[in-house]
Enquirer: 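The structure's right below; bear with me while I get my questions together.
Reminder, nothing fancy here: chain letters follow the sequence lines and each chain counts from 1. The figures that follow rest on heavy atoms only: side chains count, while hydrogens, waters and symmetry mates do not.
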Protein chains: 2
Amino acid sequence: MSPTPEPAPARLRAIPSRLLSGAALVADRLVNERLAAEGAHKWHFAVLVTLAEAGAASQAELSRRTGIYRSDMVAVLNELADAACVRRDPDPADRRRNVITLTPAGRRRLDRLDALIDDAQRELLAPLTPGEGAELTRLLTALTEHHRPAHPRPDEQR
Amino acid sequence: MSPTPEPAPARLRAIPSRLLSGAALVADRLVNERLAAEGAHKWHFAVLVTLAEAGAASQAELSRRTGIYRSDMVAVLNELADAACVRRDPDPADRRRNVITLTPAGRRRLDRLDALIDDAQRELLAPLTPGEGAELTRLLTALTEHHRPAHPRPDEQR
DNA sequence: TACCTTCATTAGTGACACGAACGTTCGTCT
DNA sequence: AGACGAACGTTCGTGTCACTAATGAAGGTA
């Protein structure tokens, strides 16, 4: 016989914040495993998608759109630029800014990462029916939409 | 006029793993804010609940039930013992083990933390109807239940 | 001019999940 | 009996991640 699994008490298992943390952990693990095959990072994908969808942008704009902090964005863009997925040019209109542009190589990389991310999402939602997956997405969207500061203060990031 | 909020692109917003991470972040923040009022920690609550519901246990048992690593459990129990919420006695039946016992002071502390945790969960689920909150809990349970190693290997924790 | 803000960048912090290794004890098998 | 593997508590260390502080350069505006 297998040894007793010693399950968590019901009162712990029923706590939404704990469930969320656990689920987020599994989700991140799945995504990272997939992306590791391409030597890629969660953040790379977020930046590439944002550039593809909203066009070239400054680092601060990318930071706000992706939720990645300005400070961390630097390293992400360094790596993407080193891989020639992105060009970083000084903005002639505002010399504080860099204009980040998606390159053809970046677009190709995005396509590959997109497939990996999709795989991860499918595996993540595997135990749920498609309807349940959509419902979960809806509920999580409502939740995060509600809990977020309305008006960012001066120089505040994200 | 308020400056453009620069929203995340739709393709990013629709990704479940990203939603989960974001939601887990807010949830943890809410819980930690509440518990900070009592100078308490997330983990303290988990251990106290487990002791109250399943009775005295060894540190390894507590580790598996709460999901806290046995390395981290040491510090948690040190703090709980310093606050006299818990007694840590050598197990006469197995001299490798410590028997962790909930004290009356620990039970009182649990009651206070329980109220704080409940508050946090209510605030977390505020944007959802009670039915939606229950549904979210159900979906997250199914999700985490599915994604977890079936059979722990020798001396493996959690 | 002076002042405040924004930008990119560097460096650092704290929380957290996780792993390695050690000395000790238990159980089992020979 | 002795040998061996596994579990226990403990210490120390690692990698990731969200986040802050501070700085120099550049813009906006009174």
Enquirer: Side chain of B:Ser71, base of D:dG9: donor and acceptor closer than 3.5 Å?
Expert: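 Under the 3.5 Å cut-off, the side chain and the base do not form any donor-acceptor pair.
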
Enquirer: Taking only side-chain N and O atoms of B:His41, does any of them lie within less than 4.0 angstrom of OP1 or OP2 on C:dC16?
Expert: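 For B:His41, the contact criterion (side-chain N or O under 4.0 Å from OP1 or OP2 of C:dC16) is met.
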
Enquirer: In Å, rounded to the nearest 0.5 Å, how long is the span from CD1 of B:Ile100 to CG of B:Leu80?
Expert: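 The distance works out to 9.0 Å.
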
Enquirer: Any side-chain N or O of B:Tyr69 below 4.0 angstrom from OP1/OP2 of C:dA17?
Expert: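 False: B:Tyr69 side-chain N/O out of range (4.0 Å or more) of C:dA17 OP1/OP2.
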
Enquirer: Round to a whole Å and report the spacing from CZ of B:Arg64 to P of D:dA7.
Expert: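 Answer to the nearest Å: 9 Å.
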
Enquirer: Among D:dA18, D:dT10, D:dA22, which nucleotide sits nearest the side chain of A:Lys42?
Expert: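 Looking only at heavy atoms from C-beta outward on A:Lys42, the closest nucleotide is D:dA18.
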
Enquirer: Could you tell me the separation between the CD1 atom of B:Ile68 and the C1' atom of C:dG19, rounded to a whole number of Å?
Expert: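 B:Ile68 atom CD1 is separated from C:dG19 atom C1' by 17 Å.
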
Enquirer: If you find the nucleotide of DNA chain C closest to A:Val74 and the one closest to A:Asp94, which residue's nucleotide is nearer the 5' end?
Expert: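 Per heavy-atom nearest nucleotide, the more 5' residue is A:Asp94.
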
Enquirer: When you check the phosphate oxygens OP1 and OP2 of C:dT10, does a side-chain N or O of A:Arg70 lie under 4.0 Å from one of them?
Expert: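 Indeed not, no polar side-chain atom of A:Arg70 lies that close.
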
Enquirer: Taking B:Gln59 as the fixed residue, which of B:Arg88, B:Arg70, B:Arg97, B:Arg64 is the one that meets the side chain to side chain donor-acceptor pair (under 3.5 Å) rule?
Expert: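 Of the listed options, the one satisfying the test is B:Arg88.
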
Enquirer: Would one find a side-chain N or O of B:Arg97 under 4.0 angstrom from OP1 or OP2 of C:dC26?
Expert: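 False: B:Arg97 side-chain N/O out of range (4.0 Å or more) of C:dC26 OP1/OP2.
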
Enquirer: OP1 or OP2 of D:dT10 sitting under 4.0 Å from any side-chain N/O of B:Arg88?
Expert: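 Looking at the OP1 and OP2 atoms of D:dT10, one of them is under 4.0 Å from a side-chain N or O of B:Arg88.
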
Enquirer: Rounded to whole angstrom units, what separation is found between the CG atom of A:Leu25 and the P atom of D:dT16?
Expert: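 The answer, rounded to whole Å, is 14 Å.
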
Enquirer: Counting heavy atoms from C-beta on, name the nucleotide in C:dC18, C:dC7, D:dA26 closest to the side chain of A:Arg95.
Expert: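 Taking heavy atoms from C-beta onward, the closest nucleotide is D:dA26.
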
Enquirer: Measure the distance from CG on B:Asp89 to C1' on D:dC8 and round it to the nearest whole Å.
Expert: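 Between C1' of D:dC8 and CG of B:Asp89: 16 Å.
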
Enquirer: Are the side chain of B:Ser58 and the backbone of B:Val99 linked by a donor-acceptor contact shorter than 3.5 Å?
Expert: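 It does not hold such a pair.
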
Enquirer: Would you tell me if any nitrogen or oxygen in the side chain of B:Arg96 comes within less than 4.0 Å of OP1 or OP2 on D:dA7?
Expert: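 No, outside the criterion.
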
Enquirer: Let me know the distance between CG of A:Asp28 and C1' of C:dA15, rounded to the nearest Å.
Expert: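 Interatomic distance, CG of A:Asp28 to C1' of C:dA15: 15 Å.
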
Enquirer: What's the spacing between B:Leu20 CG and A:Leu19 CG if we round to 0.5 Å?
Expert: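 Reported value, rounded in 0.5 Å steps: 11.0 Å.
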
Enquirer: Please give me the minimum heavy-atom distance between B:Leu125 and A:Pro16, naming the atom from each residue.
Expert: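 It is CD1-CG, 3.9 Å.
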
Enquirer: Considering only heavy atoms and no angle criterion, is a donor-acceptor pair shorter than 3.5 Å present between the side chain of B:Asp72 and the base of C:dC18?
Expert: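 Under the 3.5 Å cut-off, the side chain and the base do form a donor-acceptor pair.
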
Enquirer: Round to the nearest Å and state the distance from B:Gln59 atom CD to D:dT10 atom C1'.
Expert: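 Rounding to the nearest Å, CD of B:Gln59 and C1' of D:dT10 are 9 Å apart.
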
Enquirer: How many Å lie between CG on A:Asn98 and C1' on C:dT6, as a whole number?
Expert: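 To the nearest whole Å, that distance equals 13 Å.
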
Enquirer: What is the separation between atom CG on A:Asp91 and atom P on D:dG27, rounded to the nearest whole Å?
Expert: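 Roughly 9 Å, once rounded to whole Å.
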
